[in-house]
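Remarks on the structure that follows.
Below, each value reflects all heavy atoms present in this structure, side chains not excepted, and no hydrogens, waters or symmetry copies.
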Amino acid sequence: MHSISAFSDIVDALATTGWSITPGFVLEAEIERLREAEIALWRDGAFRAAGIGAGVAVERPEIRSDRIHWLDPDALPDAVVPYWQRLDELR
């Protein structure tokens with residue numbers, strides 16, 4: 001669990017620069033578990049072509065060729081739960 005002051009530093013950085021680099025926010029072991037979970041989702045075909053536009057996204061591979069997978073807070077892979085909780089605390 002991170003301290004309130006660590007979260008304050010992140011919020012201050014986001015407000016000032018729009019980004020934050022926070023070593024240790026995600027532990028190395030958590031990173032490996034997240035990586036393995038996302039690889040499994042990729043292998044299972046859970047990632048879809050990303051689209052552009054609000055509402056009904058349109059696939060435009062000449063503009064955006066990445067693939068995405070939206071996380072459902074009610075059906076998170078076990079490996080994602082600690083990271084999700086930390087982001088929720090930060091929010």
Side-chain angles (χ1 to χ4, degrees):
M1 177 160 303
H2 289 276
S3 69
I4 297 298
S5 65
F7 284 161
S8 293
D9 292 344
I10 294 169
V11 171
D12 289 345
L14 290 172
T16 305
T17 64
W19 53 272
S20 172
I21 296 175
T22 308
F25 185 77
V26 181
L27 303 174
E28 290 294 326
E30 291 174 325
I31 292 169
E32 184 58 28
R33 287 191 300 271
L34 286 166
R35 180 179 136 349
E36 290 170 1
E38 295 309 310
I39 288 171
L41 287 167
W42 180 267
R43 286 185 187 142
D44 291 344
F47 281 74
R48 302 284 179 245
I52 61 168
V56 178
V58 176
E59 288 184 31
R60 296 280 308 274
E62 71 277 10
I63 296 173
R64 189 166 179 191
S65 61
D66 58 316
R67 299 185 70 75
I68 60 171
H69 172 73
W70 291 101
L71 294 171
D72 176 356
D74 296 322
L76 294 172
D78 290 342
V80 177
V81 172
Y83 175 69
W84 191 271
Q85 288 171 336
R86 195 164 307 119
L87 290 178
D88 199 39
E89 288 175 43
L90 176 59
R91 186 182 48 203

>> Is the shortest side-chain heavy-atom distance between R67 and W42 below 4.5 Å?
In response: yes

> Which pairs pass salt bridge (charged side-chain N to carboxylate O under 4.0 Å, His left out) with one or both residues in residues 15-30, sequence neighbours excluded?
Replying inline: E30-R86

> Which atom names give the shortest non-hydrogen contact between F25 and L90, and what distance separates them?
Replying inline: CZ-CD2, 4.3 Å

Show me, pair by pair, the donor-acceptor contacts under 3.5 angstrom made by side chains of residues 68-81, not counting sequence neighbours?
| residue | atom | partner | partner atom | Å |
| --- | --- | --- | --- | --- |
| H69 | ND1 | A46 | O | 3.2 |
| D72 | OD1 | D74 | N | 2.9 |

> Just wondering, are more than 12 heavy atoms of other shown residues or ligands nearer than 6.0 Å to CD1 in I39?
Replying inline: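 More than 12 within 6.0 Å, yes.
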
> Do the side chains of L27 and L34 join up, straight or via other hydrophobic residues, at under 4.5 Å, putting them in one cluster?
Replying inline: no

> Are L41 and L87 connected in a single hydrophobic cluster, I mean Ile/Leu/Val/Met/Phe/Trp/Tyr linked by side-chain heavy atoms less than 4.5 Å apart?
Replying inline: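 No; L41 is not reachable from L87 via cluster members.
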
